[in-house]
Participant: 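Sharing a structure below in structure tokens format, with a few things to ask.
These numbers were taken from a predicted model, which means no experiment stands behind them. Naming convention: chains lettered A, B, ... in sequence-line order (proteins, then strands); numbering from 1 in each chain.
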Amino acid sequence: MTDKAPKSTETDPKDFRPEARAPRGFADKRASQIAAERRLITAVSKVYEDFGFEALQTSAFEYADALGKFLPDADRPNVGVFAVEDDADSEGKNGQWMALRYDHTAPLARFAAQNWDGLPKPFRRYAFGPVWRNEKPGPGRLREFMQCDADTVGTDRPEADAEIIALAVAGFKAAGLPAGSTVLKINNRKLLNGLLNSLGVVDAGQQMGVLRAIDKLDRLGLTGVELLLGGGRKDESGDFTKGANLNDAAIAAVLAFVAAGNAERSVVLDRLAAVLANSPEGMAGLDDLSRIGATLNGLGVGEADAIFDPSIVRGLEYYTGAVFEAELLLETRDEKGELVKFGSVGGGGRYDDLVARFTGEKVPATGFSFGVSRLAAALALTEAGKASPVRGPVVIIAFSDSDMGEYFKLASEIRAAGIPAEVYLGRSGMKAQMKYADRRLSPAVAMIGGDELANGTVTIKDLDLGREMAAEISDNKAWREGRPGQVTLPRQEAINHLKTIVKSL
RNA sequence: GCCGUCUUAGCUCACUUGGUAGAGCGCCAGAUUGUGGCUCUGGAGGUAGCUGGUUCGAAACCAGCAGACGGUACCA
């Protein structure tokens with residue numbers, strides 16, 4: 001391959017400099033963001049455990065066939081998921097495709113099917129961790145994000161759905177969201193399926209079209225949905241979206257169905273009963289819904305927290321009954337003051353066929369997924385959630401190479417007192433070291449210079465106090481020599497002083 | 001995926017219709033040999049997204065590609 005030699009020095013490998021950037025759709029997280037997500041996960045996990053769900057962690061990768069219908073095919077192995085082909089075997093046969101999980105539900109179905117005989121039933125577990133989707137990223141929409149799920153596998157009782165809803169509501173409260181900032185919207189797939197079947201709309205493609213149209217209600221309004229149910233709709237950019245091609249009577253019925261929401265749960269049930277009178281399947285769904293309502297009443301879940309909304313669709317084809325969607329109502333604005341719409345911060349529903357894909361045995365299941373990353377991002381934009389910055393350690397100033405041992409000894413003593421501490425490990429002078437501590441948002445700096453060493457003392461500078469005092473000093477010399485917030489104390493007293501500084505944070 | 005807009009320093013953006021780049025902020029240093037802020041002074045940092053074309057000459061004009069943003073579709 002000598003003809004493939006580099007054409008010039010610019011293609012010489014040793015001159016190649018990769019551009020330092022995160023992959024598209026992936027984001028780095030700094031300490032304060034990690035802390036915010038951890039707080040959410042801890043709070044929500046606690047709620048899940050209080051309700052009796054046990055923790056479960058499964059692998060990031062699953063065999064593609066276990067992930068369901070989104071498995072890659074030969075032509076497009078990566079659409080939707082991040083997939084790799086496992087090593088080929090010794091006979092050179094193709095390896096199996098594996099893909100990163102795109103949610104926690106499909107791995108749960110696999111786990112439940114694999115371990116079914118040994119599990120207590122119904123099996124109730126929660127899981128949290130990153131999931132990955134290989135699709136176009138956007139603001140608030142990354143290709144790697146955190147979810148926290150709870151599911152009940154092995155019961156078809158609507159009460160299980162109601163409990164999952166109550167769990168979600170309690171989870172949002174535990175996450176520190178003010179009352180009224182989220183609402184759980186509940187629907188049931190059987191309602192619309194029943195309605196469509198009773199209207200003679202039985203074509204699968206047509207039914208999907210109806211779901212897609214209804215899903216756009218919040219954005220396009222009733223008139224937009226009407227167009228999409230019929231012939232189709234042309235948007236402002238001139239792009240034409242094909243409609244579901246229903247006849248006028250069917251369109252009217254679907255619109256009446258969709259418009260039945262926006263009222264108390266019991267009122268919505270009454271309205272739906274009128275629309276669905278001709279449909280046995282619809283009435284069955286309605287019965288499920290009313291039992292969910294009764295259980296929610298028993299659990300004390302109010303109308304402000306959970307409502308029935310026939311326009312909720314959820315794209316997932318695997319949902320077979322109840323579906324839930326958590327909508328964030330908080331008004332969030334970005335740094336520029338622009339309104340940011342976060343929309344859905346969680347969702348779920350009943351999927352009665354997922355485990356059966358593996359075992360052939362019908363195992364009903366229901367669950368909810370909490371959108372940790374998106375919720376953390378939303379909270380960060382609210383006053384209450386303004387990321388409290390992560391404070392750094394006490395920084396011990398390194399004056400001279402020969403005394404490093406003494407600095408590390410002090411660091412150990414401070415840590416033993418329960419306070420994070422570190423010795424400055426760079427090679428810069430004192431000024432830079434102070435600046436370093438300032439940037440780390442350290443509560444204090446500890447100094448053992450020649451004077452302190454001779455006297456067995458430590459000098460502690462309270463950086464917050466110093467900052468406050470600095471506001472009134474404009475002369476730099478006065479500021480420096482005044483040493484605001486600084487005291488020199490015998491060693492043990494100095495550590496006690498650090499304790500009081502840290503305690504007041 | 002489709003349509004549109006955009007891409008100049010780490011960030012936010014300029015550069016009077018083609019004559020090889022500037023500001024603010026940030027960063028580093030000094031004023032201040034053991035003191036973070038303020039102020040002043042200085043400095044580093046750019047093959048103008050990439051590739052090709054037009055031109056004596058391109059950040060600017062044209063084409064392709066990549067990326068970002070907005071809309072739309074899809075969304076487990």
Participant: Check the phosphate of B:C75 against A:Arg143, side-chain N and O only, distance under 4.0 Å to OP1 or OP2. Yes or no?
Facilitator: no

Participant: Which part of the nucleic acid does A:Lys216 contact within heavy-atom distance under 4.0 Å: base, sugar-phosphate only, or nothing?
Facilitator: sugar-phosphate

Participant: Kindly say whether A:Phe408 contributes a backbone atom to a donor-acceptor pair with the side chain of A:Ser412 at under 3.5 angstrom?
Facilitator: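 Such a contact is found between A:Ser412 side chain and A:Phe408 backbone.
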
Participant: If you count every heavy atom of other residues, nucleotides or ligands that lies below 6.0 Å from A:Gln114 atom CD, does the total exceed 12?
Facilitator: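 Atom CD in A:Gln114 is crowded, with more than 12 foreign heavy atoms closer than 6.0 Å.
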
Participant: Is A:Lys362 salt-bridged to A:Asp353, cutoff N-O under 4.0 Å?
Facilitator: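 Salt bridge: yes.
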
Participant: Looking only at atom P, what distance separates B:G19 and B:A59, rounded to whole Å?
Facilitator: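 So the two P atoms sit 10 Å from each other.
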
Participant: Quickly work out the A:Tyr319 OH to B:C75 P distance and round it to whole Å.
Facilitator: 13 Å

Participant: When you check the phosphate oxygens OP1 and OP2 of B:C74, does a side-chain N or O of A:Arg212 lie under 4.0 Å from one of them?
Facilitator: yes

Participant: Base, sugar-phosphate alone, or nothing: which one does A:Gly429 contact when heavy atoms must sit under 4.0 Å apart?
Facilitator: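 Here A:Gly429 touches no strand at all.
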
Participant: Which nucleotide in the list B:A73, B:U35, B:C27 gets nearest to the side chain of A:Arg439?
Facilitator: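 Taking heavy atoms from C-beta onward, the closest nucleotide is B:C27.
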
Participant: Looking at the side chain of A:Met430, which of B:A73, B:U35, B:C75 is the nearest nucleotide?
Facilitator: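 Looking only at side-chain atoms, A:Met430 lies closest to B:U35.
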
Participant: Determine the interatomic distance between P on B:A29 and the same-named atom on B:C65; round to the nearest Å.
Facilitator: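 Straight-line distance between the two P atoms is 46 Å.
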
Participant: Distance check, C1' atoms only: B:C3 and B:A73, in whole angstrom units.
Facilitator: 11 Å

Participant: Whether A:Arg124 engages the ring of A:Phe53 as a cation-pi pair (distance to the six-membered ring centre under 6.0 angstrom, angle to the ring normal within 45°) should be assessed.
Facilitator: yes

Participant: Taking atom C1' in both B:G52 and B:G45, what distance in whole Å separates the two?
Facilitator: 29 Å

Participant: In whole Å, what separates the P atom of B:U8 from that of B:A48?
Facilitator: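 Each nucleotide's P atom is 12 Å from the other's.
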
Participant: Kindly assign one of parallel, tilted or perpendicular to the pair A:Phe368 and A:Phe172, based on the angle between their ring planes and the thresholds 30° and 60°.
Facilitator: perpendicular

Participant: Within the 3.5 Å criterion, strictly below it, is a donor on A:Thr457 or A:Asn455 matched to an acceptor on the partner's side chain?
Facilitator: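 Distance-only check fails for A:Thr457 and A:Asn455.
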
Participant: For B:U72, does OP1 or OP2 lie under 4.0 Å from any side-chain N or O of A:Arg219?
Facilitator: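 It does, given that an N or O in the side chain of A:Arg219 lies less than 4.0 Å from OP1 or OP2 of B:U72.
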
Participant: Counting the atoms with a prime plus P, OP1 and OP2 as sugar-phosphate, which does A:Arg440 contact under 4.0 Å by heavy atoms, base, sugar-phosphate, or nothing?
Facilitator: nothing

Participant: To the nearest Å, how far apart are A:Lys242 NZ and B:C74 P?
Facilitator: 12 Å

Participant: Can A:Asp438 and A:Lys435 be counted as an ion pair, charged N to O under 4.0 angstrom?
Facilitator: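 No, no charged N to carboxylate O under 4.0 Å.
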
Participant: For RNA chain B, produce a single dot-bracket line, 5' to 3'. Pairs: Watson-Crick or G-U wobble, both distances under 3.5 Å. Symbols: ( ) within strand, [ ] crossing, | other strand, . unpaired.
Facilitator: (((((((..((((.....[..)))).(((((.......))))).....(((((..]....))))))))))))....

Participant: If the threshold is 4.0 Å, N to carboxylate O, is there a salt bridge linking A:Arg133 and A:Glu144?
Facilitator: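 The answer is no: the pair does not qualify as a salt bridge.
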
Participant: Given B:U35, B:A73, B:G34, which nucleotide is nearest the side-chain atoms of A:Phe399?
Facilitator: B:G34

Participant: Could you write out each protein N or O paired with an N or O of nucleotides 37-39 of chain B at a distance under 3.5 Å?
Facilitator:
residue : atom : partner  : partner atom : Å
B:G37   : N7   : A:Trp479 : NE1          : 2.4
B:G37   : O6   : A:Asn476 : ND2          : 2.6
B:G37   : O6   : A:Trp479 : NE1          : 3.3
B:G37   : N1   : A:Ile473 : O            : 3.4
B:G37   : N2   : A:Ala470 : O            : 3.4
B:G37   : N2   : A:Ile473 : O            : 2.3
B:C38   : O2   : A:Ser474 : O            : 3.0
B:C38   : N4   : A:Asn476 : ND2          : 2.6

Participant: For atom C1', what is the distance between B:A14 and B:U7, given to the nearest Å?
Facilitator: 15 Å

Participant: For A:Gln486, which contact category applies under a 4.0 Å heavy-atom criterion: base, sugar-phosphate, or nothing?
Facilitator: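 Base: the residue A:Gln486, judged by heavy atoms under 4.0 Å, touches a nucleobase.
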
